Amino acid sequence: QVQLVESGGGLVQAGGSLRLSCAASGRTFSSYAMGWFRQAPGKEREFVAAINWSGISTYYTDSGKGRFTISRDNAKNTVYLQMNSLKPEDTAIYYCAAARFRSVRTNTDEYAYWGQGTQVTVSS
């Protein structure tokens, strides 16, 4: 069982930056690939970024490439999402998730554990 707690969301102007953190409980954090997803009002939850168990391999949605960076610190049981050059369309609730796999995963069905989410609002 893994419990995930996100933090770092907030209100930021377009062009600004935020760094989301996701703290995980349990001693098996390094066994899981981790991902960030987001859900805007009236829309389905969508993939944002993922990282494999060691942190060597990452993958991003096209809208996040060049702006977002996912990273992890297995010693701290924490995964991060650095978001730069934010746009109003990035406004959403951001969720971190842990997959029961070691390799990068992009589908919500592949993730077993989810955090409660953190709100990110980008004003124009």
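Computed from a predicted structure; not experimentally measured.
- When hydrophobic clusters are built by joining Ile, Leu, Val, Met, Phe, Trp and Tyr residues whose side-chain heavy atoms come closer than 4.5 Å, directly or via intermediates, Leu86 is grouped together with Ile70.
- Under a hydrophobic-cluster definition in which Ile, Leu, Val, Met, Phe, Trp and Tyr are linked whenever side-chain heavy atoms come within less than 4.5 Å, directly or via other members, Trp53 and Phe47 are assigned to different clusters.
- Within 6.0 Å of CZ in Phe68 there are more than 12 heavy atoms belonging to other residues, nucleotides or ligands.
- The side-chain hydrogen bond (donor to acceptor under 3.5 Å, both in side chains) check on Asp109 picks up nothing, with sequence neighbours excluded.
- A donor atom on one side chain and an acceptor atom on the other are found under 3.5 Å apart for Arg100 and Tyr113.
- Nearest heavy atom pair, residue Tyr94 against residue Glu6, reads O-OE2, 4.0 Å.
- For Gln3, the CD atom sits in a loose shell: 12 or fewer heavy atoms of surrounding residues, nucleotides or ligands are nearer than 6.0 Å.
- Across Ala50 and Val104, no two heavy atoms sit closer than the pair CB-CG1, 3.8 Å.
- Between Phe29 and Ala24, the shortest heavy-atom distance links the atoms CD1-CB, 3.4 Å.
- Rounded to the nearest 0.5 angstrom, Tyr111 OH and Leu4 CG are separated by 11.5 Å.
- In summary, of the residues considered (Val79, Ile56, Thr69, Leu81), a side-chain contact (heavy atoms from CB on, under 4.5 Å) with Ile51 occurs for Val79 alone.
- Taking OH of Tyr59 as the reference point, atom NZ of Lys65 lies at 5.5 Å (rounded to 0.5 Å).
- What you find for Thr91 and Ala40 is that their closest heavy atoms are O-CB, 3.7 Å.
- Transitive grouping of hydrophobic side chains (ILVMFWY, heavy atoms separated by less than 4.5 Å) keeps Val2 and Phe101 in distinct clusters.
- The side-chain heavy atoms of Ser21 and Lys76, taken from C-beta on, include no pair separated by under 4.5 Å.
- Geometrically, Arg19 engages Tyr80 in a cation-pi contact defined by less than 6.0 Å to the ring centre and at most 45° from the axis.
- Contact check on Lys87 versus Asp90 returns no salt bridge, with no Lys/Arg side-chain nitrogen under 4.0 Å from an Asp/Glu carboxylate oxygen.
- Under the 4.5 Å side-chain heavy-atom criterion for Ile, Leu, Val, Met, Phe, Trp and Tyr, Ile93 and Trp114 are members of the same hydrophobic cluster.
- Between atom OG of residue Ser63 and atom CD of residue Glu46 there is a gap of 6.0 Å, rounded to the nearest 0.5 Å.
- The closest side-chain heavy-atom distance from Met83 to Arg67 is not below 4.5 Å.
- Between the side chains of Asn52 and Ser103, no donor N or O sits under 3.5 Å from an acceptor N or O.
- For the pair Gln39 and Lys43, the tightest heavy-atom approach, listed with the atom from each and the gap, is NE2-O, 3.1 Å.
- Taking each heavy atom of Tyr60 and Ala49 in turn, the nearest pair found is CD2-CB, 3.6 Å.
- Between the side chains of Arg72 and Asn74, a donor-acceptor pair is found at a separation under 3.5 Å.
- A single hydrophobic cluster is seen to contain both Met34 and Leu20, as judged by linkage of ILVMFWY side chains at heavy-atom distances under 4.5 Å, directly or through other members.
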